Amino acid sequence: MSADTTTPAKVPPKRPSPPPPVPPGRPRSKKRSSAGAPWLLLAPCLLILALVMGYPLVRLVTLSFQKFGQSQLWGFQPAESVGLDNFTGVLDDGEFWQVVVRTIVFAAGCVILTMVLGMLIALLLQRVSGWVKTLVNIALVASWGMPVIVATTVFKWLFDSDYGILNAVLSRLPGVELIGHNWFASGPQGLAVIMLLVIWGAVPFVVITLSAGLTQVPAELEEAARLDGAGAWGVFRYVTLPILKPIIVMLTTLSVIWDMGVFPQVFVMRNGHPEPEFQLLTTYSYDRAFVVNDYGQGSAIALITVLLLLGVVAVYMRQMLKIGEVE
């Protein structure tokens with residue numbers, strides 16, 4: 001009997017059957033879980049914000065529509081609703097508008113100088129050796145971590161009219177005599193000193209953030225721009241700046257919010273009693289509430305400040321949405 005030499009035909013494997021279609025009225029569990037995951041992760045933060053800021057904000061809004069002084073504070077008289085009288089009283093006060101203009105100028109000066117100095121230092125750190133960069137970063141973190149009260153005390157000593165080291169150093173220059181000079185005799189000079197204090201505490205955060213952003217700038221793009229004939233300014237303007245734009249917008253917005261809310265620097269520098277030419281919105285609201293004991297108008301001023309800052313946040317969100325659409 002001869003052996004069968006024919007090879008058996010290969011049977012192709014069966015295709016797996018497709019999964020059954022999901023009924024139209026039944027949502028997919030994956031999509032539902034993925035949509036709820038961000039809110040689940042944000043829930044602890046939102047809960048803490050609601051607990052910490054919810055009641056004070058509601059109380060602030062309530063007081064701004066009431067007549068609330070010492071009699072109401074101690075319970076001798078009930079709080080009386082006055083509608084918009086607190087807001088009209090504040091907005092009709094010429095001193096309030098002087099404080100608003102002074103606050104905007106002060107914040108704008110702090111933000112511009114902080115961003116410019118921060119950018120220059122961050123660019124400089126890209127061109128120094130490693131150990132120099134490490135020393136500068138240590139100094140930046142140390143100055144950033146210093147408490148505001150300590151930093152303010154140091155600046156008070158630096159600019160003291162009798163024992164300040166700055167007057168002694170500047171007086172050694174030819175033709176300069178500043179021994180006994182009082183930097184706080186006038187509002188502009190005193191606010192300039194406080195502005196330096198605010199900038200000194202804000203620059204480290206800007207430098208560290210921008211330095212991290214500069215590491216994301218592709219070296220190939222910078223090299224291509226140089227080969228095309230662009231100088232240092234051209235490379236920065238057309239390559240570095242567009243890439244850093246989201247970070248710059250974020251830092252500028254945060255700086256505006258922080259500098260509009262400056263309080264301890266002015267309060268401590270002026271020994272707890274800022275003169276009228278040193279008043280900013282925060283200190284003006286504090287004085288109206290706790291010195292004049294008009295808590296209603298103090299709350300109204302604070303609420304107006306919050307609304308101004310919300311306007312800054314709205315501009316920030318609009319810019320970030322535009323950047324997202326371009327990308």
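Everything numeric in this text was worked out from a predicted model, so none of it was measured.
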Colleague: Is the shortest side-chain heavy-atom distance between Val105 and Leu191 below 4.5 Å?
Modeller: no

Colleague: Could you tell me the separation between the OG atom of Ser64 and the CD1 atom of Ile301, rounded to the nearest 0.5 Å?
Modeller: 11.5 Å

Colleague: Do the side chains of Thr152 and Phe267 get nearer than 4.5 Å, heavy atoms only?
Modeller: no

Colleague: Using the six-membered ring wherever Trp is involved, compare the ring planes of Trp144 and Phe205 and label them parallel, tilted or perpendicular (cut-offs 30° and 60°).
Modeller: tilted

Colleague: Kindly assign one of parallel, tilted or perpendicular to the pair Phe278 and Phe184, based on the angle between their ring planes and the thresholds 30° and 60°.
Modeller: tilted

Colleague: Using side-chain contact (heavy atoms from CB on, under 4.5 Å) as the criterion, point out the one residue from Val206, Leu251, Val198 that pairs with Thr114.
Modeller: Val206

Colleague: Measure the shortest side-chain to side-chain distance between Ile104 and Val101 over non-hydrogen atoms and say whether it is less than 4.5 angstrom.
Modeller: no

Colleague: Would you please classify the geometry between the Phe96 ring and the Tyr284 ring as parallel, tilted or perpendicular, with 30° and 60° separating the classes?
Modeller: tilted

Colleague: Does any non-hydrogen side-chain atom of Val90 lie less than 4.5 Å from one of Phe87?
Modeller: no

Colleague: Within the 3.5 Å criterion, strictly below it, is a donor on Asn167 or Trp183 matched to an acceptor on the partner's side chain?
Modeller: yes

Colleague: Rounded to the nearest 0.5 Å, what's the gap from CG on Leu227 to CD on Glu222? Could you check?
Modeller: 12.0 Å

Colleague: Taking the side chain as C-beta and beyond, is there a heavy-atom pair between Trp200 and Met146 under 4.5 Å?
Modeller: yes

